[in-house]
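Both backbone and side-chain heavy atoms feed into the values below; hydrogens, waters and symmetry mates do not. We count ligands from 1, going down the list as the structure has it; atoms in each ligand are counted the same way.
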Amino acid sequence: MLRNINLIIEADYAAMSKKAADIFAREVAGAPAGVFGFATGSTPEGMYAELAKQRADGADFSGITTFNLDEYHPIQPDDAQSYAYYMKQRVFDPLGIVRTNLPNGTAPDPVRECVDYENKLAIAGDMMMQILGIGNNGHIGFNEPGEVFAAQAAYVPLAQATIDANARLFDDASQVPRHALTMGIHAIMMAKKILLLVSGQGKAAILAAALTGPITPQVPASILQLHPHVTVVADTAAASAL
Ligand code: PGA
């Protein structure tokens, strides 16, 4: 059963990206100075490219404030694998966004950095929409499967499944940072709306588990079943087990 979840299935990655971009752009048009949550990863790349096209056609994203879900730690912001670099190249510069927040991958005290990030989120006020992807293991942000849902932003060890999945972006798996800073489940769940993008057969089983299985910290994305306004944009392959 899909509780509270608006499921949109598109034929392929391109159509999924276009649909997600349209949904996001409409939300920004309704709250041009709003706070929005961003995600990195392969899945939203197409959506960001679509949004850049929309900007070229006159859409204005310059008034929003953004918070990213996560960042590796330690990592330099000019490292091509950092999420800071990804966001600058693919999102902030192309979309003309200047008020941006990411956990600081160079923070000398990563635990303190998480407290500061949580405070920044609280001060920023209502997040209008949080973009999410889902990990092969069901993670959202770097909230990895565990015994409990971690409410607050946290400095976390990456799950082996995440290290393996992300190794494709590095020279080899040994280069993948072993830790990360992540927004917690509370801040994600406090967003007024969630936009979850999912693509490919490889995500089909975990998407079905997240949306229709038990709500459990072993599948962190399953908590989204309790959110009042989730839109999932999936391609046919990712939706094939639903
Ligand atoms: P991906 O990552 O979009 O690169 O598959 C998703 C995630 O790990 O949240």
Side-chain angles (χ1 to χ4, degrees), residues 10 12-21 24 37-51 67-73 75 80-87 89-91 102-103 105 129-146 149-150 153-154 156-170 173 175-185 187-189 191 194-211 217-224 227 230-235 237-241:
E10 296 287 339
D12 56 21
Y13 180 75
M16 182 209 78
S17 299
K18 174 86 173 60
K19 173 59 95 178
F24 187 76
F38 278 70
T40 54
S42 302
T43 311
E45 285 176 7
M47 178 187 69
Y48 293 139
E50 284 292 333
L51 289 171
F67 280 86
N68 265 77
L69 283 171
D70 49 16
E71 176 62 285
Y72 294 117
H73 190 283
I75 200 160
Q81 309 306 335
S82 76
Y83 292 171
Y85 186 88
Y86 173 113
M87 291 303 294
Q89 298 293 319
R90 296 180 181 278
V91 186
L102 280 102
M129 176 173 270
Q130 172 69 56
I131 298 165
L132 290 180
I134 183 171
N136 296 321
N137 63 356
H139 73 198
I140 46 177
F142 278 130
N143 293 284
E144 302 285 24
F149 288 108
V156 293
L158 294 182
Q160 191 60 45
T162 299
I163 294 168
D164 295 344
N166 292 8
R168 71 187 194 280
L169 304 167
F170 291 79
Q175 304 295 307
V176 183
R178 265 37 189 177
H179 288 81
L181 307 164
T182 186
M183 194 188 286
I185 295 292
I188 294 171
M189 290 295 282
I194 302 275
L195 180 61
L196 173 63
L197 277 63
V198 197
S199 170
Q201 187 66 40
K203 297 280 177 74
I206 195 65
L207 181 63
L211 300 188
Q218 298 297 340
V219 182
S222 64
I223 195 80
L224 299 175
H227 192 283
V230 178
T231 301
V232 178
V233 188
D235 57 21
S240 61

Self-check item: Heavy atom of Arg168, distance to ligand 1 below 4.0 Å
Solution: yes
Quiz item: CD of Glu144 to OG1 of Thr182: how many Å apart, nearest 0.5 Å?
Solution: 8.5 Å
Exercise. Before giving the answer on side-chain contact (heavy atoms from CB on, under 4.5 Å), spell out for Met16 and Thr43 the whole-Å C-alpha distance, their side-chain angles and the decisive distance to 0.1 Å.
Key: CA-CA 10 Å; Met16 182 209 78; Thr43 311; 4.2 Å; yes
Quiz item: Nearest protein heavy-atom contact for atom 5 (O) of ligand 1: which residue, which atom, what distance?
Solution: Lys203 NZ, 2.7 Å
Quiz item: Do Ser42 and ligand 1 have an N or O pair less than 3.5 Å apart?
Solution: yes
Self-check item: Pair Tyr83 + Phe38: ring centers closer than 6.0 Å
Solution: no
Practice problem: For Gly41, take its heavy atoms, then give the atoms of ligand 1 lying under 4.0 Å from any of them. | Solution: 3 (O), 4 (O)
Quiz item: Which residue owns the protein heavy atom closest to atom 9 (O) of ligand 1, what's the atom, and how far is it?
Solution: His139 NE2, 3.4 Å
Practice problem: Could you find the nearest protein heavy atom to atom 3 (O) of ligand 1 and give me its residue, atom name and distance? | Solution: Thr43 OG1, 2.4 Å
Practice problem: Please assess Phe67 against Gln130 for the test side-chain contact (heavy atoms from CB on, under 4.5 Å), listing each intermediate value before the final yes or no. | Solution: CA-CA 9 Å; Phe67 280 86; Gln130 172 69 56; 5.8 Å; no
Practice problem: Note the single closest protein heavy atom to atom 6 (C) of ligand 1, along with its residue, its atom name and the distance in Å. | Solution: Ile134 O, 3.5 Å
Quiz prompt | Close-contact set for ligand 1 against Gly135 heavy atoms, below 4.0 Å | solution = 7 (C), 8 (O), 9 (O)
Exercise. Flag the pair Leu132 / Leu224 as yes when at least one side-chain heavy-atom distance between them is below 4.5 Å, and no otherwise.
Key: yes
Quiz item: Which pair of non-hydrogen atoms, one from Lys203 and one from Val198, has the smallest distance, and what is that distance?
Solution: CB-CG1, 3.5 Å
